[in-house]
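Presented below is the structure to which this report refers.
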Amino acid sequence: MNLLHFLPVYFVCFQSATIMAYRGSVRPFVNFNPKHDAEILHAAMKGIGTHEDTILMLLTSRSNDQRQDIKAVYKKVHGKDLVSALKSELGGHFESLIVALMTPPVSYDASQLHKALKGLGTEDEVLIEILASRTGEQITNIVKAYKKEFNRKLETDILGDTSGHYQRLLVVLLQGSREDGLGEENIDKDAKALFDAGEGKFGTDEEQFITILGNRRVEHLRKVFDAYKKLSGSELEDSIEGETTGNLENLLLAVVKCVRSVPEFFAEGLSKSMRRAGTDDSTLTRIMVSRSEIDMLDIRTCFKKKYGASLYTTIQEDTDGDYQKALLYLCGGND
């Protein structure tokens, strides 16, 4: 039996306006049958050797919700956890990527934050990436998942691992609520407050940056950024880079970049994870998995525009093996 025979064609063209608006590279498979998929995976893992191609092609062509259905059916039919079975058959970066694909998005974010905070040292880049880029609703759900899965409060762990204005802004973002109903009259007011807090004074009023950037709505902030440029003659990022340092600077810049364009923020993150000595596989996997059903098509466009090379080709040049194949499926195509 050729196991690949049962796999669907991954890319299907739809003319529906609703489907065309979908910006993920991975979409729900139309003729989904979780029992059928569970049996394909079981057959790919039993006996001598493992059919890695079958595993990666199937799992990258199903949505996360569908993967959860497959996992439930697998346990019911075979009496064991699918993720544990996959981990026993796979290894290295490929295993980490497959496990990430099999984890519900909110649980995955919570686990990444827990990993970043536990033990000695803190992976600040993970805290910054997730808390700057997720929506208020996503952050609220992450906080709940963190409490449920680790029996700890995310805010308490952040308070124990960070300090100063950096800590303050993380906690503000952790609330997952941005102010509604800010009128046009507040745009110039906020722009001037940011100018006065940085370029317009000796020293820096970090609290003003935290209050405005951490609490205002995205639509409002975009207008504030435009007003700021008219007022100061430079971009807000220039002021942040000149007035702040370290993790606070990195977090403020991430917030501003995400307000401007979340796909561009992640395109930059992917470039940094690959275009240097050694590959930051944790970041590469996290972004490719977490954005595959949200805005990967837009990230690809931003990447090509910003760096002059396709994300697909860059992944090819920087990775190899089954890990590379899975990443390329998540990428969804060459530009």
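Every value quoted in this text rests on a predicted model; they were computed, and no experiment measured them.
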With sequence neighbours excluded, tell me which residues meet side-chain hydrogen bond (donor to acceptor under 3.5 Å, both in side chains) with Lys229. Glu235
Quick one: OG1 on Thr162 to CG on Leu117, what's the gap to the nearest 0.5 Å? 8.0 Å
Just how far is it from atom CD1 of Ile98 to atom CG of Leu59, taken to the nearest 0.5 Å? 5.0 Å
With sequence neighbours left out, what residues match Glu149 under side-chain hydrogen bond (donor to acceptor under 3.5 Å, both in side chains)? Ser107
Side-chain contact test, heavy atoms from C-beta onward, threshold under 4.5 Å: evaluate it for Leu221 versus Ile212 and give yes or no. yes
Which residues pass the side chain to side chain contact (heavy atoms under 4.5 Å, CB included) test with Asp65, sequence neighbours left out? Ser63
Path from Tyr228 to Val218 over hydrophobic side-chain contacts below 4.5 Å: yes
So which heavy atom on Thr283 is nearest to which on Gly269, and how close? CG2-O, 4.2 Å
Lys153 vs Glu155, test: salt bridge (Lys or Arg N to Asp or Glu O under 4.0 Å). Steps then yes/no. CA-CA 5 Å; Lys153 286 187 177 181; Glu155 182 173 331; over 6 Å; no
Which atom of Ala116 lies closest to which atom of Val126, heavy atoms considered: CB-CB, 3.8 Å
Is Ser84 reaching over with its side chain to a backbone N or O of Lys80, donor-acceptor style, under 3.5 angstrom? no
Minimum side-chain heavy-atom gap Tyr166-Leu251 below 4.5 Å: yes
Could you tell me whether the side chain of Thr103 and the main chain of Val99 form a donor-acceptor pair under 3.5 Å? yes
Exam field: side chain Glu206 to backbone Leu248, donor-acceptor pair closer than 3.5 Å: no
Taking Gln66 for the side chain and Phe29 for the main chain, is one N or O donor matched with an acceptor at less than 3.5 Å? yes
If you look at every heavy atom in Glu268 and Tyr307, which pair is closest and at what distance? CA-OH, 3.2 Å
Is there a salt bridge (Lys or Arg N to Asp or Glu O under 4.0 Å) between Arg168 and Glu207 once you walk through the steps? CA-CA 9 Å; Arg168 167 107 168 88; Glu207 284 296 326; 3.0 Å; yes
Can you tell me if Ser111 uses its side chain to pair, donor with acceptor, with the backbone of Tyr108 under 3.5 Å? yes
Side chain to side chain contact (heavy atoms under 4.5 Å, CB included) partners of Ser88, counting only residues at least two apart: none
Charged N-O contact under 4.0 Å between Glu219 and Lys223: no
Any link between Leu328 and Leu330 through a network of hydrophobic side chains (Ile, Leu, Val, Met, Phe, Trp, Tyr) touching at under 4.5 Å? yes
Side chains of Lys304 and Leu311, heavy atoms from C-beta outward: is any pair under 4.5 Å? no
Got a donor-acceptor contact below 3.5 angstrom from the Gln324 side chain to the Gln316 backbone? yes
Under 3.5 Å donor-acceptor, Asn215 side chain and Thr211 backbone: yes
Of the non-hydrogen atoms in Ala254 and Ile128, which two are nearest, and what is the gap between them? CB-CG2, 3.5 Å
Should Phe209 and Leu236 count as side-chain neighbours, where that means a heavy-atom distance under 4.5 Å? yes
Per the side-chain hydrogen bond (donor to acceptor under 3.5 Å, both in side chains) rule, what does the pair list look like for residues 288-297, sequence neighbours excluded? Arg291-Asp295
With sequence neighbours excluded, give me every salt bridge (Lys or Arg N to Asp or Glu O under 4.0 Å) pair touching residues 91-110. Asp109-Arg134
Keeping the roles fixed (side chain from Thr50, backbone from Glu52), state whether a donor-acceptor pair exists under 3.5 Å. no
Sequence neighbours left out, what passes side-chain hydrogen bond (donor to acceptor under 3.5 Å, both in side chains) with Asp161? Give chain and number order. Thr122
What's the separation between atom CZ in Phe266 and atom OG in Ser273, rounded to the nearest 0.5 Å? 12.0 Å
Sort and list the pairs that fulfil salt bridge (Lys or Arg N to Asp or Glu O under 4.0 Å) and have at least one residue in residues 66-78, not counting sequence neighbours. none
With sequence neighbours left out, what residues match Asp318 under side-chain hydrogen bond (donor to acceptor under 3.5 Å, both in side chains)? Thr279
Separation of Ser310 OG from Ile315 CD1 (nearest 0.5 Å): 8.5 Å
Pairs flagged by salt bridge (Lys or Arg N to Asp or Glu O under 4.0 Å) wherever residues 115-133 is involved - sequence neighbours left out: Glu129-Arg286
Any chance you could measure Leu56, atom CG, to Phe94, atom CZ, to the nearest 0.5 Å? 4.5 Å
Check for a donor-acceptor pair, side chain of Tyr329 on one end and backbone N or O of Gly333 on the other, with a separation under 3.5 Å. no
Can you tell me how far the CD1 atom of Ile299 sits from the NZ atom of Lys306, to the nearest 0.5 Å? 13.5 Å
Does any non-hydrogen side-chain atom of Phe265 lie less than 4.5 Å from one of Cys258? yes
Among residues at least two apart in sequence or on other chains, which ones pass salt bridge (charged side-chain N to carboxylate O under 4.0 Å, His left out) with Asp281? none
Can you find a heavy atom in the side chain of Leu327 that is under 4.5 Å from one in the side chain of Leu284? yes
Please give the remaining members of the hydrophobic cluster of Leu159, linking ILVMFWY side chains under 4.5 Å, ordered by chain and number. Val171
Which of parallel (below 30°), tilted (30 to 60°) and perpendicular (above 60°) describes Tyr323 and His93? tilted
Let's go through Lys272 and Asp280 carefully: what are the C-alpha distance in whole Å and the side-chain angles of both, what is the deciding distance for salt bridge (Lys or Arg N to Asp or Glu O under 4.0 Å) to 0.1 Å, and is it a yes or a no? CA-CA 8 Å; Lys272 287 179 179 177; Asp280 181 354; over 6 Å; no
Scanning both residues in full, the closest heavy-atom pair of Ala38 with Val73 reads CB-CG1, 4.1 Å
Looking only at heavy atoms, what is the nearest atom pair of Phe150 and His114, with distance? CE2-ND1, 3.5 Å
Just wondering, are more than 12 heavy atoms of other shown residues or ligands nearer than 6.0 Å to NZ in Lys147? yes
Please say yes or no: joined through hydrophobic side-chain contacts below 4.5 Å, possibly via intermediate residues, are Tyr312 and Val26 part of one cluster? yes
Side-chain donor-acceptor pair under 3.5 Å between His78 and Glu39, yes or no? yes
Identify whether Met288 and Met274 are in the same connected component of the hydrophobic contact network (ILVMFWY, side-chain heavy atoms under 4.5 Å). yes
Do Leu127 and Asn247 touch side chain to side chain, with heavy atoms closer than 4.5 Å? no
Side chains of Leu58 and Ile70: does their closest heavy-atom pair fall under 4.5 Å? yes
Is there a donor-acceptor contact under 3.5 Å from the side chain of Thr313 to the main chain of Ala309? no
Counting neighbours of NZ on Lys192 that are heavy atoms of other residues, nucleotides or ligands and sit closer than 6.0 Å, is the number greater than 12? no
For Tyr146 and Asp157, test the side chains for any donor-to-acceptor distance below 3.5 angstrom and give the result as yes or no. yes
